[in-house]
Amino acid sequence: MSTVYNKGFFTGEQTKAIHAGEFPDPATGASSPNLVMSTTYIADTDTIFSVEGLEEGNTWIYTRWGNPTIHQLEEKLAVLEEAETAVAFASGMGAITALLFHRLKAGDHAIVTDVAYAALSEITNEMIPELGIEITKVDTSDTEAVRKALKPNTRLVYIETPCNPLLRITDIAAVADIAHGAGAALAVDSTFATPAATKPLLLGADFVIHSLTKYLGGHGDALGGVILGRKSDLVPLRKKTAIRLGGTLSPFNAWLILRGIATFPIRMRVHQENALKIAAYLEQHPKIKRVIYPGLPSHPQYELARRQMNNFSGIITFQVEQGKERLQEIAGKLKVIHYAVSLGHHRSLLFYLHSEDLLQTSFKFSSPAQLDSWNRFAGEGIFRLSVGLEDAGDLIADLARALE
Ligand SMILES: *Cc1c(COP(=O)(O)O)cnc(C)c1O
């Protein structure tokens, strides 16, 4: 077939987002990626029945082992992230738990960012330690704190940059050096940054994770997750976790996410453009106490953000005078922005995070410095705004009405 994807013929990010990984349907020549909903495939009589003998390739046996639609998504993501390969999961948390199960066993130690996506924070507070795996929570934006937390049995350093919800930034290259010096691997949850901003594997990370539910899918209609990295890590990871634990992505969701990714670089430019305008608007608003956005010179790590991010993405957090007391009133006045969790969609989403709640349920700080850092970024609570793709003027007018 003449138009089978071939890496050699293009280098631009937008062309990659559209064409990488995709191939026309061999039976019909259909130009759109083929949505294959079959769970099973007509097999050769010498097909093996254990995943142990499975070769990586384009032979399909059972969809939990591999599927042509999911495969096209994995190939596209690997090209966008400049990774050797990718394994897709049913959700971002499916990808994260698979990585922890793959990389850690009883007796190992891992360093995990002290502020992170809540479900990751919660499983590393209890469920993972109950398996005999020791976890140290560290503010990884402080690289010296990471170095100090290393132990002879540290196998994994796990960071998020920018981290949810504080938007603190971690220096990936510096932390990769520290981890590798101690024989540990570095995993980066790059959901907030996206490959439009940062390619952690090129900065020395060993694993990259995305919740595809967010910017990559981009439309708020499909859960998905992915781990990217080296073949030598991910071929065994697929057998051990995706295939045996079973958190496999639905081919239908893979197809929706593939379709979403086609416009991903264009969308990220608009997310950033809108977010810069809104962050500047909020920063001068009399009822706003503090705005945090990596693209604002007032961000405490603006220099690192500029060095490490080619796009500042679309998440802004801000503290409002009497924010907790005024929450119901503010949410009730929104006419465009949805008051809802999640982020990275074409629709703008706003959600309030109470510090008191989060510090009891998700984030368990062990040092006064960690609590101090939280308080500096979040105060008694923050609004997290995921700036969508609507016209910036409409979003600013909606915020002006709600904050009035
Ligand atoms: C949403 C999110 C996750 C979890 O992804 P799901 O697809 O909801 O399971 C993990 N990390 C970050 C940073 C997220 O924003």
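Note that the numbering runs from 1 along the sequence shown for the chain. Computed from a predicted model, the values in this text were never measured in an experiment. Hydrogens, waters and symmetry mates play no part in the numbers below; they use all other heavy atoms, side chains included.
- Taking the six-membered ring for Trp and thresholds of 30 and 60 degrees, Trp374 and Phe365 have ring planes inclined between 30 and 60 degrees apart.
- The shortest heavy-atom contact between Val341 and Leu349 is O-CD1, 3.5 Å.
- When all heavy atoms are compared, the tightest approach of Arg269 to Asn311 is N-ND2, 3.9 Å.
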key: Derivation and outcome, side-chain contact (heavy atoms from CB on, under 4.5 Å), residues Ile96 and Phe89   = CA-CA 9 Å; Ile96 291 168; Phe89 290 87; over 6 Å; no

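- Taking the charged nitrogens against the carboxylate oxygens, Glu329 and Lys333 do have a contact shorter than 4.0 Å, which makes a salt bridge.
- Using a 4.5 Å cut-off on side-chain heavy atoms (C-beta onward), Tyr62 and Ile243 make no contact.
- Atom CD of Glu325 has more than 12 heavy atoms from other residues, nucleotides or ligands within 6.0 Å.
- Note that CG of Leu228 and NE2 of His210 are 6.0 Å apart. Values are rounded to the nearest 0.5 Å.
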inquiry  = With side-chain hydrogen bond (donor to acceptor under 3.5 Å, both in side chains) as the criterion, how do Ser386 and His345 come out once you've worked through the C-alpha distance, each side chain's angles and the decisive distance to 0.1 Å?
reply    = CA-CA 8 Å; Ser386 171; His345 304 171; over 6 Å; no

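- Note on Glu74 versus Arg238: salt bridge recorded, some NZ/NE/NH1/NH2 to OD/OE distance being below 4.0 Å.
- In this pair, His219 and His346 present their aromatic rings tilted. The plane angle is within the 30 to 60° band.
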task = Kindly determine whether Tyr293 and Ser313 satisfy side-chain hydrogen bond (donor to acceptor under 3.5 Å, both in side chains), including the steps that lead there.
result = CA-CA 9 Å; Tyr293 178 62; Ser313 197; over 6 Å; no

query = Hey, mind stepping through Phe351 and Tyr339 against ring pair (Phe, Tyr, Trp, His ring centres under 6.0 Å) and telling me if it holds?
reply = CA-CA 6 Å; Phe351 202 73; Tyr339 186 79; 5.1 Å; yes

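- Residue Arg306 places its CZ atom among 12 or fewer non-hydrogen atoms of other residues, nucleotides or ligands, all under 6.0 Å distant.
- Atom CD of Gln14 is surrounded by more than 12 heavy atoms from other residues, nucleotides or ligands within 6.0 Å.
- A heavy-atom distance below 4.5 Å is not found between the side chains of Leu201 and Glu82.
- Crowding of Arg326 atom CZ: a count of heavy atoms from other residues, nucleotides or ligands under 6.0 Å exceeding 12.
- Ser366 and Lys137 form no side-chain donor-acceptor contact under 3.5 Å, judged by distance and modelled atom types alone.
- The shortest heavy-atom contact between Leu234 and Thr85 is CD1-O, 3.4 Å.
- Scanning both residues, Lys76 and Glu22, for their nearest heavy atoms gives NZ-OE2, 3.1 Å.
- Ring-plane geometry between His285 and Tyr281 is classed as perpendicular, the angle between the planes exceeding 60 degrees on a 0 to 90 degree scale with a lower cut at 30.
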message = Could you walk me through whether Ser362 and Glu122 satisfy the side-chain hydrogen bond (donor to acceptor under 3.5 Å, both in side chains) test, starting with their C-alpha distance in whole Å, then the side-chain angles of each, then the deciding distance to 0.1 Å, before giving a yes or no?
response = CA-CA 5 Å; Ser362 306; Glu122 288 161 17; 2.7 Å; yes

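- By the 6.0 Å contact criterion, CD on Gln284 is enclosed, its count of non-hydrogen atoms from other residues, nucleotides or ligands being greater than 12.
- Residues Leu249 and Leu73 have side chains in contact (heavy-atom distance under 4.5 Å, counting atoms from C-beta outward).
- Going from atom CE of Met127 over to atom CG of Leu100 covers 11.0 Å, rounded to the nearest 0.5 Å.
- The distance from the CG atom of Asn34 to the CH2 atom of Trp255 is 10.5 Å, given to the nearest 0.5 Å.
- For the side-chain contact (heavy atoms from CB on, under 4.5 Å) with Val387, the lone residue among Ile278, Leu350, Ile337, Ile315 that qualifies is Ile278.
- Ion pairing between a basic and an acidic side chain is recognised when a charged N comes within 4.0 Å of a carboxylate O; Glu13 and Lys199 show such pairing.
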task = Using the side-chain contact (heavy atoms from CB on, under 4.5 Å) rule, take Asp233 and Glu84 through it: C-alpha gap first, then chi angles, then the decisive distance, then the call.
result = CA-CA 10 Å; Asp233 289 316; Glu84 282 182 21; over 6 Å; no

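- Residues Ile178 and Thr143 approach most closely at CD1-O, 3.5 Å, considering heavy atoms.
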query = Should Tyr352 and Ile330 be marked as a side-chain contact (heavy atoms from CB on, under 4.5 Å) after you check the CA-CA gap, both sets of side-chain angles, and the distance that decides it?
reply = CA-CA 10 Å; Tyr352 183 71; Ile330 292 171; over 6 Å; no

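- His19 and Phe10 have tilted rings, their planes meeting at an angle from 30° to 60° on a 0 to 90° scale.
- Here the side chains of Ser367 and Asp139 are not in contact, with every heavy-atom distance at 4.5 Å or above.
- A salt bridge links Asp114 to Arg168: one of the charged nitrogens lies within less than 4.0 Å of a carboxylate oxygen.
- Judged purely by atom type and a 3.5 angstrom limit, Asn67 uses its side chain to pair as donor or acceptor with the backbone of Val36.
- Taking every heavy atom of both residues into account, Thr161 and Gln308 meet most closely at OG1-NE2, 3.8 Å.
- When side chains are defined from C-beta on, Leu77 counts as touching Leu212, because their heavy atoms get closer than 4.5 Å.
- Between Asp171 and Arg307 a salt bridge is recorded (basic side-chain N to carboxylate O distance below 4.0 Å).
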message = Applying side-chain contact (heavy atoms from CB on, under 4.5 Å) to Asp189 and Leu120, what does each step give before you reach the verdict?
response = CA-CA 10 Å; Asp189 180 335; Leu120 175 270; over 6 Å; no

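- Open room surrounds NZ on Lys148; 12 or fewer heavy atoms of other groups in view lie less than 6.0 Å from it.
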